[in-house]
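Structure first, then comments.
So that the names make sense, note that chain A is the first sequence line, chain B the second, and so on, each numbered from 1.
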Amino acid sequence: MTKVKIFERKKMISEKPRVRFAPSPTGYLHVGGLRTALYNYLFAKRTGGTFILRIEDTDRKRFVEGAVENLIESLKWCGLNFDEGPGSVTECGPYLQSERLDIYKKYVLQLVESKNAYYCFCNAERLEKLREEQKGRNEQSKYDKHCMSLSDDEVKTQLDNNSPFVIRLNVPEAQTVKFNDMIRGDIEFNTAMIDDQVLLKSDGFPTYHLANVVDDHLMKITHAIRGEEWLSSTPKHVLLYQYFNWEVPLFAHLPLLLNPDKSKLSKRQGDVAVEDYKGKGYLKEALVNFVALLGWTAGDDREFYYLDELVQAFELERVNKSGAVFDIKKLDWLNAEHLRKKSTTELAGMLAESLSESKYAEKSFSTEYLSLVVDAMRERVSFIKEIIENGSYFFEEPTVYDEATVKKRWTAESAGLLNEYVSELKNSECNTKDDFDKLLHSLAEKLEIKIAQIIHPLRIAVSGVGGGPGVFDILYIIGKERVIERINRCVETLSK
RNA sequence: GGCCCCAUCGUCUAAUGGUUAGGACACCGCCCUUUCACGGCGAUAAUACGGGUUCGAAUCCCGUUGGGGUCACCA
């Protein structure tokens, strides 16, 4: 026995790390889950290890149609491809726990055999009553091991009668369970505080605790990297490893992602699903970059990373202990940063897609046109859709003119000056941005006015608003004919 | 409430006994500029509190306070 253990330990150390992201399929990928998945992925890729996706679907009451597919899709969208997982055919599979029921049964029976687990036939009423009594006495609610004293014959009779049962972990009375956490160091619990956890439910499904330990062992997981919410149930898992006589993996409990009020990040206080952020127009690069920085830094001042760069820099040892507030403002900033680094071609494609979902869906714009728009607008937005929102004049003629801007920039001479410019335009080629520029400058010189006197009204006329790209960029992009139309319309409207 | 974890600017964080406690986001101001941005420069802003240990503590120890997690036949 001892020999085997030593052999296993040696083998494990020499082997490459095997880590898993083990979500329950609730219907979507939570950003906290994304962070856990990401750290697992980064650690695996950094160390040349294996990243495994295991679906913890042992709660039939919580079954959600399509949840697994959705989860995988979100993971893929973020670029986190797993090496092993649903669909993989390996000696460690299948990777859906609901397909591994026989395995858990086999192992839990082993525990019953060794008296480390026992059958329990108590019904819900008795348990509830027990809990209430304990609560009344201000005690911790814990199962009273009532069924542990059942004789083998009594158990057999109950089983023969098809009585519903669960199998419980036999937790020792008062013993210290110690384990080391890679992030938090040594942690110990007293078993007096630990309940005789149900391992196998009456529907034949395992609970998380059993399935998790059995699978981590069978799938040769070397590092269990998971959220801090699992910290308090870790002693149960350690106990299970001891009872099975299996080597305990290394644990790393990640700090939680928090709401602005510091509670655990939840749906109630904003978006938590990866698909929500995708839907709002966040780039996967930005989301991944941002989430990576929630609880980890390389130790330098760098904040901009692509996924492959994170792989190069990531160290599990540098993960923080304390929870991190999910600060949307910083995400927005990173989104803008990533947006600006993208090629014009890619952004034009994204703009076309965004346009097809907008009120301009019926209109069509050439790639060349959209490329010009993108380059004019990219420094001014954090999201692609903002190009449409803030630059509507690239997609339709302005019909209203921003009141504050008009008040500030439109004077009695404006209409006349714009008319002069129209005349000049009609007699010119204006094939480049520079042509528009030169024409305006020479006009200003001729009329002996400051260029600002005409440039501001011109902006109002072609865009309807006070801000945006350089006027000559706008003029060039929308073209001479439309510039003339817009000036005429504006002059007419504002002269009333 | 029991148990466990955590504690540096509003937020994310750096500083592994010796720093004017650094950076980033946000906010504000200035510069650049025909606008809005981008960019540049600058300002405000933190070691929760109290005890130790030490020549010296954000850093080590203890306590207090605060926050969080967890106490299911959910994960």
Side-chain angles (χ1 to χ4, degrees), chain A residues 22-26 56-62 97 120 122-124 127 131 135 138-143 164-168 181 183-185 187-190 192-195 197-209 211-212 226-235 253 255-256 258 260-264 290 293-304 320-334 336 340 377-382 390 405 408-409 437 440 444 450-456 458-460 463 465-472 474:
Chain A
S24 74
T26 53
E56 310 235 331
D57 57 346
T58 55
D59 186 358
R60 288 194 289 182
K61 292 190 286 289
R62 283 219 216 165
Q97 291 187 325
C120 172
C122 293
N123 56 32
L127 294 177
R131 260 193 286 268
K135 211 175 169 186
N138 236 328
E139 284 173 20
Q140 206 220 332
S141 68
K142 254 177 84 175
Y143 182 63
F165 68 89
V166 300
I167 294 179
R168 286 180 184 275
D181 186 280
I183 295 168
R184 285 150 219 285
I187 296 171
E188 38 175 277
F189 285 82
N190 193 308
M193 297 301 148
I194 303 169
D195 201 1
Q197 185 67 48
V198 169
L199 298 175
L200 196 74
K201 299 184 265 188
S202 55
D203 62 3
F205 276 64
T207 55
Y208 168 83
H209 309 284
N212 183 266
R226 70 218 314 193
E228 193 192 337
E229 67 266 32
W230 297 111
L231 198 55
S232 14
S233 42
T234 304
H253 287 95
L256 261 18
L258 274 25
D261 73 355
K262 305 257 186 187
S263 58
K264 192 171 157 184
F290 174 64
L293 260 19
L294 252 26
W296 172 86
T297 42
D300 52 23
D301 290 335
R302 186 172 175 187
E303 307 219 68
F304 187 93
N320 289 158
K321 293 178 168 112
S322 49
V325 173
F326 194 93
D327 179 14
I328 292 276
K329 285 273 179 59
K330 190 146 187 177
L331 208 208
D332 289 351
W333 169 72
L334 266 176
R340 291 182 194 124
M377 293 294 285
R378 64 192 308 159
E379 295 295 325
R380 282 160 249 272
V381 296
S382 297
N390 304 340
T405 310
K408 185 176 176 189
R409 308 284 195 190
D437 195 333
L440 194 81
K450 275 196 281 185
I451 194 130
Q453 276 183 266
I454 184 164
I455 213 163
H456 292 297
L458 181 55
R459 173 182 293 284
I460 292 173
S463 76
V465 293
V471 194
F472 303 115
I474 300 177

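Closest contact between the side chain of A:Asp327 and the listed nucleotides B:A37, B:G68, B:U11 involves B:U11. Between B:C73, B:C6, B:G23, one nucleotide has an atom nearer to the side chain of A:Lys321 than all others, and that is B:C6. Side-chain proximity of A:Lys329 to B:A75, B:G23, B:A26: nearest is B:A26. When the nucleotides B:A72, B:A75, B:U13 are ranked by their closest atom to the side chain of A:Ser141, B:A72 comes out on top. The side chain of A:Arg131 sits closest to B:A72 out of B:C4, B:A26, B:A72. Closest contact between the side chain of A:Arg409 and the listed nucleotides B:U35, B:U11, B:G69 involves B:U35. The side chain of A:Lys61 approaches B:C73 more closely than any other nucleotide in the set B:G22, B:A24, B:C73. Nearest nucleotide to the A:His456 side chain, out of B:G69, B:C73, B:U34: B:U34. Here B:A24 is the nucleotide among B:G22, B:A24, B:A72 with the atom lying nearest to any side-chain atom of A:Trp333. Comparing B:G69, B:U34, B:A24 against the side chain of A:Glu229 picks out B:G69 as the nearest.
Residue A:Phe189 is in sugar-phosphate contact alone, with no base atom involved, counting any heavy-atom pair closer than 4.0 Å across all strands shown. The residue A:Gly466 sits close to a base: some heavy atom pair falls under 4.0 Å. Across all strands, A:Pro469 comes closer than 4.0 Å to base atoms (heavy-atom distances). Using a 4.0 Å heavy-atom distance criterion, A:Phe205 is classed as making no nucleic acid contact. Using a 4.0 Å heavy-atom cutoff across all strands shown, A:Lys142 reaches no nucleic acid atom at all. Contact annotation for A:Gly470: base contact, defined as any heavy-atom pair under 4.0 Å involving a base atom. Among the protein residues, A:Val166 comes within range of the nucleic acid bases, having at least one heavy atom under 4.0 Å from a base atom. Note on A:Pro25: nothing from the nucleic acid sits closer than 4.0 angstrom, heavy atoms only. Using a 4.0 Å heavy-atom criterion, one finds that A:Ala452 contacts no nucleic acid atom at all. Within the 4.0 angstrom heavy-atom criterion, only backbone atoms of the sugar-phosphate kind lie near A:Leu293; the bases stay farther away. Counting any heavy atom pair closer than 4.0 Å across all strands shown, A:Val471 reaches a base atom. Within 4.0 Å of A:Arg340, counting heavy atoms only, lie sugar-phosphate atoms of the nucleic acid but no base atom. At the heavy-atom level, A:Asn390 lies nowhere under 4.0 Å from the strands shown.
For A:Leu440 and B:U35, the CG to P distance is 14 Å, given to the nearest whole Å. Between A:Ile460 atom CD1 and B:C36 atom P the separation is 13 Å, expressed in whole Å. Rounded to an integer number of Å, the gap from A:Arg302 CZ to B:U13 P is 18 Å. The separation between A:Gln140 atom CD and B:A72 atom C1' is 13 Å, rounded to whole Å. The nearest whole Å value for the distance from the CZ atom in A:Phe326 to the P atom in B:A26 is 16 Å. Distance OH (A:Tyr208) to P (B:A75): 10 Å, rounded to an integer number of Å. The CD atom of A:Glu188 sits 14 Å away from the C1' atom of B:C5 (whole-angstrom rounding).
When the C1' atom is compared between B:U20 and B:C60, the two are found 25 Å apart, to the nearest whole Å. A gap of 31 Å separates the C1' atoms of B:C55 and B:U65, to the nearest Å. Taking atom C1' on both B:A37 and B:G69, the two are 43 Å apart, rounded to the nearest angstrom. Look at the P atom in both B:C25 and B:A21: the space between them is 22 Å, to the nearest Å. When the P atom is used for both B:G22 and B:A45, the distance is 12 Å, rounded to whole Å. B:A14 and B:A72 have their C1' atoms separated by 42 Å, given to the nearest Å. A gap of 11 Å separates the P atoms of B:C41 and B:G23, to the nearest Å. Between the C1' atoms of B:U59 and B:G68, the separation comes to 23 Å (whole Å).
Place A:Leu294 and A:Leu127 on RNA chain B by their nearest nucleotides, and A:Leu294 ends up nearer the 5' end. Nearest-nucleotide mapping onto RNA chain B: of A:Glu303 and A:Ser24, the residue sitting toward the 5' end is A:Glu303.
Remark: the backbone N or O of A:Gly466 is not paired with any side-chain donor or acceptor of A:Arg409 at under 3.5 angstrom. Judged by distance alone, the side chain of A:Lys201 and the main-chain N or O of A:Thr58 form a donor-acceptor pair under 3.5 Å. A donor-acceptor pair under 3.5 Å is formed between the side chain of A:Thr234 and the backbone N or O of A:Trp230. Of the possible polar contacts, none joining the A:Arg378 side chain to the A:Arg380 backbone as a donor-acceptor pair under 3.5 Å is found. Side-chain atoms of A:Asp327 come within 3.5 Å of backbone N or O of A:Lys329 as a donor-acceptor pair.
Counting atom types as modelled, A:Arg184 pairs no side-chain N or O with a base atom of B:C5 as donor and acceptor under 3.5 Å. One cannot find a donor-acceptor pair under 3.5 Å joining the base of B:C6 and the side-chain atoms of A:Ser322. Judged by atom type and distance alone, A:Lys330 reaches the base of B:A24 through a side-chain donor-acceptor pair under 3.5 Å.
Both distances falling under 3.5 Å, in either a Watson-Crick or a G-U wobble arrangement, place B:G1 opposite B:C71. Across all strands shown, B:U64 pairs with B:A48; the Watson-Crick or G-U wobble distances both stay below 3.5 Å. Here B:A24 sits opposite B:U11 as a Watson-Crick or G-U wobble pair (both hydrogen-bonding atom distances under 3.5 Å).
When every heavy atom of A:Ile183 is checked against every heavy atom of A:His253, the shortest pair comes out as CD1-O, 3.5 Å.
Remark: the A:Asn320 side chain and the A:Ser322 side chain contain no N/O donor-acceptor pair separated by less than 3.5 Å.
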**Residue pair A:Glu228, A:Arg184: steps toward the side chain to side chain contact (heavy atoms under 4.5 Å, CB included) verdict** = CA-CA 10 Å; A:Glu228 193 192 337; A:Arg184 285 150 219 285; 3.8 Å; yes

**Full working for side chain to side chain contact (heavy atoms under 4.5 Å, CB included) between A:Arg226 and A:Asn212** = CA-CA 12 Å; A:Arg226 70 218 314 193; A:Asn212 183 266; 3.5 Å; yes

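Side-chain contact between A:Trp333 and A:Phe290 is absent, with no heavy atoms from C-beta onward closer than 4.5 Å.
Using a 4.0 Å cut-off, no side-chain N or O of A:Thr405 falls inside it from OP1 or OP2 of B:U35. Dashed line: the shortest gap from a side-chain N or O of A:Thr297 to OP1 or OP2 of B:A14 is under 4.0 Å. Contact check, A:Asn320 against B:A14: a side-chain N or O comes under 4.0 Å of OP1 or OP2. Within the structure, every side-chain polar atom (N or O) of A:Lys262 is placed at least 4.0 Å from both OP1 and OP2 of B:G66.
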